[in-house]
Amino acid sequence: FLKDLKYEDLFKKEPSTPDKGMSRIQRQWLQVNKRVGRENSKEYIDKELYEDMKEWKYPLHFIDFETSMVAIPFSKGRRPYEQIAFQFSCHTLYEDGNIKHDEWISKTQDFPNYEFVLELRNILKEDSGNIFRYSNHENTVLRQIWKQIKAEKKQIDIFRNNNVTNEDMMSWIDSITNWKEYDLEGKEVRDKGKRDMIDLWKCVKSYYYHPMMVGSNSIKQVLPTTLNVSKFLRKKYSKPLQYGKNLKNKTIIKNLPDGTVLDPYKLLDPIHIDYDNDDLYLERGEIRDGGAAMVAYAKLQFTKMSNQERKNIIKALLCYCEMDTLAMLLIYEHWKNKSPY
């Protein structure tokens with residue numbers, strides 16, 4: 001049982017201490033103490049988070065990708081299990097508090113990656129503000145697209161038509177990502193661009209914890225936790241959203257009888273009522289996670305359906321991805337509101 005654990009039970013040797021934030025062992029012990037009630041305060045925010053936040057440069061861009069890797073390629077000439085990036089969402093927070101939302105989704109059956117990365121670049125290249133992802137997925141996808149571009153034997157049409165070369169695009173991807181290299185001794189090192197994306201998931205792991213997260217660092221647990229503990233967020237988002245493409249004018253705060261806030265992902269509209277759950281592989285016909293989004297995109301490629309059914313799935317995909325980047329923005333706003341600076 002958690003109550004029976006001692007600090008020494010968590011490691012076989014003295015753990016190393018990171019330069020910033022909590023080590024894995026420190027976080028585990030914090031989690032144990034808060035779950036068993038040894039500490040009075042439930043929410044923990046490491047002060048070093050605020051030091052990092054002071055260095056973040058506006059405007060802040062919060063991005064999320066939806067992707068697919070399938071055995072049978074959707075497009076002619078592509079390989080099995082090749083990375084397909086079919087959608088992104090980006091919430092941008094400006095220093096004056098204004099918020100803008102941008103998005104893109106593939107609506108054709110063409111290989112989408114090159115249009116995807118071109119549209120993403122068009123949004124992010126207008127300034128030098130920090131870019132945020134949640135976990136390593138976005139970095140991995142962009143590095144895979146970099147390799148796909150490098151493998152092309154001629155200039156890619158959509159790049160050329162927009163006055164961008166393959167080399168320009170690869171250089172831009174380098175500027176916002178990090179990747180594996182080997183030094184002269186053959187030792188593996190990480191190189192990174194001058195605008196390398198900041199990982200909010202790592203910020204959560206290093207600096208933030210609440211028992212309501214039940215041991216998970218998933219954004220699906222962190223978002224409802226911050227909404228339940230933040231009076232600032234509950235007040236601000238009890239009113240309809242004034243920005244966004246698909247969630248605008250929607251209220252994402254729904255108070256339950258026990259005084260808690262409903263998980264906003266559960267407020268997303270269902271795709272449609274024509275398919276049953278077994279057919280869709282989605283929870284209650286809703287897109288609730290990346291795996292379900294991947295299945296929904298596959299259905300757009302292979303399944304015969306009416307125009308209305310297609311529109312419904314695309315709408316649901318857009319709402320889900322927009323909610324992901326809105327979640328990142330809200331987590332940041334909660335931390336910012338708690339900051340002493």
Query raised in the report: Between the side chain of Ser75 and the main-chain N/O of Phe111, is any donor-acceptor distance below 3.5 Å?
Result: yes
Report task. Verify side-chain contact (heavy atoms from CB on, under 4.5 Å) between Met169 and Ile145, making sure each step is shown before the conclusion. Result -> CA-CA 10 Å; Met169 191 60 69; Ile145 294 177; over 6 Å; no
Query raised in the report: For His61, what residues pass the ring pair (Phe, Tyr, Trp, His ring centres under 6.0 Å) criterion, not counting sequence neighbours?
Result: none
Query raised in the report: Is the Phe62-Phe132 ring centre distance short of 6.0 angstrom?
Result: yes
Query raised in the report: Should the pair Phe88 and Trp104 be assigned to parallel (<30°), tilted (30 to 60°) or perpendicular (>60°) ring geometry?
Result: parallel
Query raised in the report: Do we see a donor-acceptor contact under 3.5 Å between the side chains of Asn162 and Arg121?
Result: no
Query raised in the report: With side chains defined as the heavy atoms from C-beta onward, is the minimum distance between Leu60 and Ile198 less than 4.5 Å?
Result: no
**Report entry** Residues which pass side-chain contact (heavy atoms from CB on, under 4.5 Å) with Ser171, listed by chain and number, not counting sequence neighbours
**Finding:** none
**Report entry** Sub-4.5 Å side-chain heavy-atom contact between Tyr208 and Leu49
**Finding:** no
**Report entry** For Lys239, all residues meeting side-chain contact (heavy atoms from CB on, under 4.5 Å), sequence neighbours excluded
**Finding:** none
Requested in this report: Would you check if the side chain of Arg195 reaches a backbone N or O of Gly129 as a donor-acceptor pair within less than 3.5 Å?
Outcome: yes
Report task. Hey, can you tell me if Tyr320 and Tyr265 have their rings parallel, tilted or perpendicular (30° and 60° cut-offs)? Result -> tilted
Query raised in the report: Under the ring pair (Phe, Tyr, Trp, His ring centres under 6.0 Å) test, which residues partner Tyr243, sequence neighbours left out?
Result: His91
Query - Residues in salt bridge (charged side-chain N to carboxylate O under 4.0 Å, His left out) contact with Asp168, at least two apart in sequence or another chain - result: none
Query raised in the report: Looking at side-chain heavy atoms only, is the closest gap between Lys245 and Leu318 below 4.5 Å?
Result: no
Query - Sequence neighbours excluded - salt bridge (Lys or Arg N to Asp or Glu O under 4.0 Å) pairs with any residue from residues 77-89 - result: Arg78-Glu82, Arg78-Glu152
Requested in this report: Could you list the residues that satisfy side chain to side chain donor-acceptor pair (under 3.5 Å) with Lys20, not counting sequence neighbours?
Outcome: Asp52
Requested in this report: Name all pairs fulfilling the salt bridge (Lys or Arg N to Asp or Glu O under 4.0 Å) condition that reach into residues 318-339, sequence neighbours left out, sorted by first residue then second.
Outcome: Glu43-Lys338, Lys220-Asp324, Lys236-Glu333
Query - Results of salt bridge (charged side-chain N to carboxylate O under 4.0 Å, His left out) for Asp46 - residues two or more places apart only - result: none
Query raised in the report: Are any side-chain N or O atoms of Asp174 and backbone N or O atoms of Gly193, one a donor and one an acceptor, separated by less than 3.5 Å?
Result: no
Query - Set of side-chain contact (heavy atoms from CB on, under 4.5 Å) partners for Gln155, sequence neighbours left out - result: Arg160, Thr165, Asn166, Glu167
Query raised in the report: Does a side-chain heavy-atom distance below 4.5 Å link Met212 with Thr260?
Result: no
For residues 248-257, dump all side-chain donor-acceptor pairs below 3.5 Å to protein atoms at least two apart in sequence or in another chain.
{"residue": "Asn255", "atom": "OD1", "partner": "Arg234", "partner atom": "NH2", "Å": "3.2"}

Requested in this report: Can you tell me which residue pairs pass the ring-ring contact (aromatic ring centres under 6.0 Å, His included) test with a partner in residues 139-196, sequence neighbours excluded?
Outcome: Tyr114-Phe159
